[in-house]
Amino acid sequence: MGGAARWELHLCWRTMLKLRNALQHRLLEAVAQALPLPAAVDFPLEPATKPEFGDFQANGAMGLAKVLGRPPRQIAQVVVDHLQVDDLCHPPQVAGPGFINFTIRPEVLAAEVEERLDQPRLGVPMAQPQQPVVVDFSSPNIAKEMHVGHLRSTIIGDCIARLLSFRGHRVLRLNHLGDWGTQFGMLIAHLHHVAPRSLSGREQVDLGDLVAFYRQAKTRFDEDEAFQEHSRREVVKLQAGEPESLGAWRLLCQQSRQAFQAIYDRLDVQLVERGESFYNEALPQVVEELEKARLLVVDDGARCVFLQGMTGKDGQPLPLIVQKRDGGYNYATTDLAAIRQRLASPDAGGEGAERVIYVTDAGQSNHFAAVFQVAQRAGWVPTGCRLQHVPFGLVQGADGKKLKTRSGATIRLRDLLDEAVDRARHDLVERMAQEQRQGEEDFIAQVAETVGIAAVKYADLSQNRTTNYQFSFDRMLALQGNTAPYLLYAYVRIQGIARQGGSLVAAASPICLQAPQELSLARQLLSFDEVILEMEQDLLPNRLCAYLFGLSQTFNRFYDQLPVLKAPDQSRPTRLALCRLSAETIRLGLGLLGIKTIDRM
RNA sequence: GCUCCCUUAGCUCAGCGGAUAGAGCAGUUGCCUUCUAAGCAACCGGUCGUUGGUUCGAAUCCAACAGGGAGCGCCA
């Protein structure tokens with residue numbers, strides 16, 4: 001068997017739906033029998049591109065036409081003649097230029113649905129092998145406000161971490177906080193002026209709006225030369241580890257930490273704090289090791305590694321600077337130290353990760369390519385380990401330009417979330433008044449919070465992460481159409497049926513799929529496992545969003561057009577089962593996106 | 001100047017080498033006496049930036065060009 005074909009087959013075994021697997025094997029057997037081919041040839045089976053083509057399609061005949069010197073439809077027909085799939089599907093059809101279409105028998109679909117009803121993983125296998133993975137995401141800067149730009153890293157990173165955990169990997173979620181650097185000199189100097197007693201630790205202070213504090217310090221720094229000098233002295237003192245400076249630094253970090261944590265709690269995002277300062281002591285060693293590996297070059301006073309295959313303006317190789325002319329280290333050094341620590345074995349004080357994922361904006365791809373290359377050349381990346389930058393597009397304003405912190409027009413994450421919840425609340429209250437429903441304040445608050453946060457998360461995750469993102473308040477907070485509330489609503493409808501009918505668990509009665517709405521819902525439900533594995537392959541959460549939206553659409557149609565509780569006796573158990581599996585699938589899928597479900601809304 | 005990304009319906013975007021390119025929003029029109037209408041059904045809407053190439057088959061892969069964005073030695 002050829003290498004490509006074997007790889008394809010291996011992939012199928014690992015990742016494809018059980019039925020697809022079975023069919024793929026029968027198909028390959030039939031091909032081997034039907035066609036005079038020297039070696040086994042790839043003849044892949046893929047999900048049908050449209051419902052009218054059935055469940056699966058095989059397109060291999062067209063590619064073989066030239067090799068065999070026969071018309072593709074004839075080839076397809078010979079393969080079909082050798083196929084034995086009666087137990088799984090209707091007789092395969094040759095269509096168009098030479099497609100073979102497969103339609104699974106309703107009884108087979110029904111049996112699959114029944115089986116999945118009792119599986120907490122809904123058919124998704126555990127990964128093999130399971131790996132220790134670090135996901136590095138969120139990473140805001142101390143003394144700065146989290147804004148919409150941080151949302152993408154936080155939400156996408158959290159989603160990827162949830163997915164990999166669900167697949168069985170051991171995931172360490174690290175928050176690479178910007179908690180070190182020259183800006184602290186300025187902040188500490190400013191603290192001296194504003195709250196001198198806090199420095200000695202004799203007084204607890206609340207700095208209130210840290211962002212305003214940062215801005216004041218910055219303004220003063222830009223205007224006042226004496227203050228600049230003071231700031232520089234503070235940097236030196238901090239780096240020398242003077243207790244007073246360290247105390248001030250801790251105070252600033254603590255204040256920021258509280259503000260960040262409030263957001264993470266609200267977003268239900270778990271992170272282990274591991275700021276840049278964590279790597280301070282390892283920095284000299286990074287440079288030393290690079291020296292030993294003979295990678296280090298001193299250029300214009302700076303110590304750097306010249307990169308292979310990356311050139312600058314003058315066509316000369318670009319350097320990655322790891323120690324500045326003044327002896328200070330920079331973020332590249334920190335990133336290298338982090339890579340070493342994460343990939344090192346636990347015995348050596350490392351994390352023992354085999355895969356490290358960085359969720360940052362696409363603008364940093366050059367930087368990561370450089371850092372990864374240097375780590376590789378320094379021999380810090382053991383065989384089988386993988387460093388991966390998972391980039392996302394920029395958040396742009398309506399003008400198509402990057403939303404920048406300093407432009408002043410940035411939207412604070414806190415405000416965005418507040419606004420989202422306010423809108424959800426307003427919408428809910430209005431709706432309840434219209435429908436003359438009574439609701440407790442607790443209910444309203446809880447629904448508004450869940451719906452608002454869900455809308456924000458879904459708006460971000462449903463977009464392909466690699467493309468730039470035109471930020472729009474109204475679009476992000478919309479409650480109609482392809483939005484989180486739409487998916488939540490489908491779920492709520494099912495819970496309504498459960499409440500009304502007592503339970504979704506029907507008396508033991510065979511599932512029998514008849515109505516087209518039942519069949520298409522069953523088909524959609526059964527493809528969940530494939531979608532999850534697809535999403536893992538590319539780390540694209542929008543694939544899962546698209547699936548869940550499609551599933552919800554199919555469910556809403558089913559709900560709209562067929563009665564469940566008032567269905568005829570022979571249909572009710574089937575419809576209840578479909579409702580149950582729909583609810584489970586939506587709940588699990590939304591859970592992987594980091595979105596909570598509610599029972600009423 | 002160099003490198004990377006993007007260009008698909010009026011708007012915002014999906015689209016994994018396969019058949020007649022899909023959603024949502026906006027617009028037009030129907031549907032609540034029935035499990036929640038945050039819904040359903042229907043209509044309208046396309047030179048997939050341009051030109052070549054590879055392929056049985058290209059929105060998808062390759063090249064060039066045009067337009068937009070980002071990055072490019074001591075910030076992160």
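Numbers restart at 1 for each chain; the letters A, B, ... are given by sequence-line order, proteins then strands. Nothing here was measured: the structure is a model prediction, and the numbers come from that model.
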Intermediate values then yes/no, ring pair (Phe, Tyr, Trp, His ring centres under 6.0 Å), Tyr279(A) and His176(A): CA-CA 10 Å; Tyr279(A) 304 99; His176(A) 195 74; 5.7 Å; yes

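- Contact annotation: Lys50(A) reaches the phosphate of G22(B) (side-chain N/O to OP1 or OP2, under 4.0 Å).
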Where protein sits on nucleotides 8-17 of chain B, one letter per nucleotide: B base, S sugar-phosphate only, - none, heavy atoms under 4.0 Å: ----SSSSB-

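- One can place CD of Glu276(A) at 11 Å from C1' of C75(B), the figure rounded to the nearest angstrom.
- Among the protein residues, Arg557(A) comes within range of the sugar-phosphate backbone only, with heavy atoms under 4.0 Å from sugar or phosphate atoms but none that close to a base.
- OP1 or OP2 of C40(B) has at least one side-chain nitrogen or oxygen of Tyr486(A) nearer than 4.0 Å.
- A salt bridge is absent between Glu435(A) and Arg431(A): the closest approach of a Lys/Arg side-chain nitrogen to an acidic carboxylate oxygen does not fall below 4.0 angstrom.
- Salt-bridge annotation for Arg425(A) and Glu449(A): absent, with no side-chain N of the basic residue lying under 4.0 Å from a carboxylate O of the acidic one.
- The distance between the ring centers of Tyr486(A) and Tyr489(A) does not fall below 6.0 angstrom.
- The base of A19(B) is paired with the side chain of Asn101(A) by a donor and an acceptor separated by under 3.5 Å.
- Atom CE in Met62(A) sits roughly 17 Å away from atom P in U55(B) (whole-Å rounding).
- Electrostatic pairing of Arg423(A) and Asp474(A) counts as a salt bridge here, judged by a charged N lying under 4.0 Å from a carboxylate O.
- The distance between atom CG of Asp222(A) and atom P of C75(B), rounded to the nearest whole Å, is 15 Å.
- Computed from coordinates, the Gln553(A) CD to G22(B) P distance equals 14 Å when rounded to whole Å.
- Nucleotides G17(B) and C62(B) are separated by 13 Å at their C1' atoms, to the nearest Å.
- The nearest whole Å value for the distance from the CD1 atom in Ile75(A) to the P atom in C56(B) is 13 Å.
- Not one side-chain nitrogen or oxygen of Lys66(A) sits closer than 4.0 Å to the OP1 or OP2 atom of U55(B).
- For C32(B), the base is syn relative to its sugar; the glycosidic angle is within 90° of 0.
- The same atom, C1', is picked in G52(B) and in C13(B); the two are 29 Å apart, to the nearest Å.
- Using a 4.0 Å cut-off between a side-chain N of Lys or Arg and a carboxylate O of Asp or Glu, Arg20(A) and Glu46(A) do not qualify as a salt bridge.
- With Glu518(A) as reference, Arg575(A) is the one residue of Arg523(A), Arg557(A), Arg575(A) to meet the salt bridge (Lys or Arg N to Asp or Glu O under 4.0 Å) rule.
- Between Phe184(A) and Trp249(A), the angle of the ring planes goes over 60°, which puts this pair in the perpendicular group of the 30/60° scheme.
- Distance CZ (Phe549(A)) to C1' (A38(B)): 12 Å, rounded to an integer number of Å.
- At a cut-off of 3.5 angstrom, the base of A19(B) holds at least one donor-acceptor pair with the side chain of Gln57(A).
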Below 3.5 Å is the cut-off: list the nitrogen or oxygen pairs between protein and nucleotides 34-36 of chain B, distance only.
{"residue": "U34(B)", "atom": "O2'", "partner": "Lys566(A)", "partner atom": "NZ", "Å": "3.4"}
{"residue": "C35(B)", "atom": "O2'", "partner": "Ile497(A)", "partner atom": "N", "Å": "3.4"}
{"residue": "C35(B)", "atom": "O2", "partner": "Leu565(A)", "partner atom": "N", "Å": "3.2"}
{"residue": "C35(B)", "atom": "N3", "partner": "Val564(A)", "partner atom": "N", "Å": "3.1"}
{"residue": "C35(B)", "atom": "N4", "partner": "Tyr559(A)", "partner atom": "O", "Å": "2.6"}
{"residue": "C35(B)", "atom": "N4", "partner": "Leu562(A)", "partner atom": "O", "Å": "2.5"}
{"residue": "U36(B)", "atom": "O2'", "partner": "Tyr489(A)", "partner atom": "OH", "Å": "2.2"}
{"residue": "U36(B)", "atom": "N3", "partner": "Met601(A)", "partner atom": "O", "Å": "2.7"}
{"residue": "U36(B)", "atom": "O4", "partner": "Met601(A)", "partner atom": "N", "Å": "2.6"}
{"residue": "U36(B)", "atom": "O4", "partner": "Met601(A)", "partner atom": "O", "Å": "3.2"}

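- At a threshold of 4.0 angstrom between heavy atoms, the contacts of Gly63(A) include nucleobase atoms, whether or not backbone atoms are also involved.
- If you check every strand for non-hydrogen atoms under 4.0 Å, Ala369(A) touches nothing.
- Nucleotide G24(B) forms a pair with C11(B), judged by Watson-Crick or G-U wobble geometry with both contacts under 3.5 Å.
- For A37(B), there is no paired base (Watson-Crick or G-U wobble, both distances below 3.5 Å).
- In this structure, the CZ atom of Arg73(A) is 12 Å from the C1' atom of A19(B), given to the nearest Å.
- Rounded to the nearest 0.5 angstrom, Arg465(A) CZ and Asp538(A) CG are separated by 8.0 Å.
- The interatomic distance linking Asn482(A) (CG) with G22(B) (C1') rounds to 12 Å, in whole Å.
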